[in-house]
Amino acid sequence: MQLNIKPNQSIKLINNLYHLPDDKLFYKQYKIRFPSELILDKMKKVNLSLDDVFTIKDNSDYDDGKKEKIMFDYIKYLDDLNDSLLLTIKALTPFPQNHQDDREVTKWLKKYNSEHYTQFKDATFSDNEFIRLSSNNIKHDDVRITFMSLNNFNNKKVYGFYICDIIDENELSGPKPEIHKPYKNATTAYSFNHFLLRSAGIVFLNFYWLNKIIFQKTKNKPYRDNTIYYFFNKLSEIEHEFFPDEYKIKYAKIIKNEKNITVMYEKFIGNHPVDNINNINWTLKFNGRDNKSNEKLPYLSLAYSNKTE
């Protein structure tokens with residue numbers, strides 16, 4: 001399973017959506033925007049936000065307040081992109097008799113196009129949970145972002161962040177447990193490198209399966225657009241240097257040559273001492289009336305155990 005993207009050409013999904021035959025123009029009855037335009041506009045917002053992320057991803061030793069907003073925006077735009085794909089399924093569903101609209105698109109799809117919705121959900125839901133959980137917490141909870149860095153097993157300085165919340169009644173804060181899963185008794189975080197490549201892998205996965213489910217083996221005419229190429233081309237620059245637990249989690253492998261970009265979604269292959277980390281730094285924030293930091297710090301127990309071995 002892979003995605004091939006040529007410069008100045010879009011992918012199969014956008015090609016098929018742009019060249020919809022007249023008997024598939026149901027989006028007009030739902031008063032939904034032209035589906036290819038809808039997805040590309042969401043993608044352009046992701047691209048603009050990604051440019052901002054690149055300005056901070058290798059320079060997070062201090063927190064000026066703007067960096068948190070940059071990360072919040074990027075996560076929310078990714079979530080909006082995912083929502084637009086569900087809206088696209090609705091736009092391509094024949095207009096039902098006795099139609100009753102529902103502002104919540106998932107409820108609508110379960111009622112009027114459960115087949116395509118279930119197929120898409122089964123293929124992508126567990127991967128999309130990564131973005132969905134983070135976005136929901138940003139929208140509905142009083143979370144914040146703490147930035148950090150560490151030297152990984154290659155002795156490369158790797159920058160990252162975690163979504164932080166109060167985790168007990170003593171005002172202890174730390175990585176939100178449902179977002180950042182523990183690793184070898186240590187709390188964890190996201191490296192910028194893996195977070196961006198993982199999000200790219202999910203974008204690829206969603207595009208691949210939506211096209212496969214809706215259009216199957218339809219032969220598509222090309223459509224000239226550079227939006228999606230720009231996204232994966234930008235991310236092809238990222239080094240595969242991660243935090244210890246991330247080597248076991250799938251991410252986008254992006255291979256670029258003169259003719260095209262190839263995207264795959266895989267785990268790291270190799271057997272390296274990824275737990276050998278050191279020189280961990282955090283941009284600690286202060287809590288409570290006494291203005292003291294009281295934070296559970298990612299990877300601290302892992303780094304400590306390495307020193308005692």
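Hydrogens, waters and symmetry mates are skipped; everything else that's a heavy atom, side chains included, is used. The structure displayed is predicted, hence computed values, not measured ones.
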Which residue in the set Phe232, Phe207, Phe231 passes side chain to side chain contact (heavy atoms under 4.5 Å, CB included) when paired with Ile5?
Phe232
Given Phe161, Tyr190, Phe130, the one that forms ring pair (Phe, Tyr, Trp, His ring centres under 6.0 Å) with His180
Tyr190
Parallel, tilted or perpendicular for Tyr27 and Phe34, by the 30°/60° rule?
tilted
Hey, can you pull the donor-acceptor pairs under 3.5 Å for the side chains in residues 86-95, sequence neighbours left out?
from: Thr88; atom 1: OG1; to: Ser84; atom 2: O; distance (Å): 2.8
from: Lys90; atom 1: NZ; to: Asp101; atom 2: OD1; distance (Å): 2.7
from: Thr93; atom 1: OG1; to: Ile89; atom 2: O; distance (Å): 2.7
from: Thr93; atom 1: OG1; to: Asn113; atom 2: ND2; distance (Å): 2.8

Are Leu13 and Phe26 linked, directly or through other ILVMFWY residues, by side chains that come within less than 4.5 angstrom of each other?
yes
Which pairs with one or both residues in residues 179-200 pass salt bridge (charged side-chain N to carboxylate O under 4.0 Å, His left out), sequence neighbours excluded?
Lys184-Asp275
Under the 6.0 Å and 45° cation-pi test, does Lys57 pair with Phe54?
yes
Residues passing the ring pair (Phe, Tyr, Trp, His ring centres under 6.0 Å) test with Tyr299, sequence neighbours excluded, are Phe243
By side chain to side chain donor-acceptor pair (under 3.5 Å), which residues pair with Glu104, not counting sequence neighbours?
Thr106
Show every donor-acceptor pair shorter than 3.5 Å between a side-chain atom in residues 43-50 and any protein atom, with sequence neighbours excluded, or say none if there are none.
from: Asn47; atom 1: ND2; to: Thr227; atom 2: O; distance (Å): 3.0
from: Ser49; atom 1: OG; to: Tyr74; atom 2: N; distance (Å): 3.2

Can you sort out the partners of Asn15 under side chain to side chain contact (heavy atoms under 4.5 Å, CB included), two or more places apart, ordered by chain and number?
Ser10, Asn220, Tyr223
Of all heavy-atom pairs between Ala252 and Tyr265, which one has the smallest distance, and what is that distance?
N-CD1, 4.2 Å
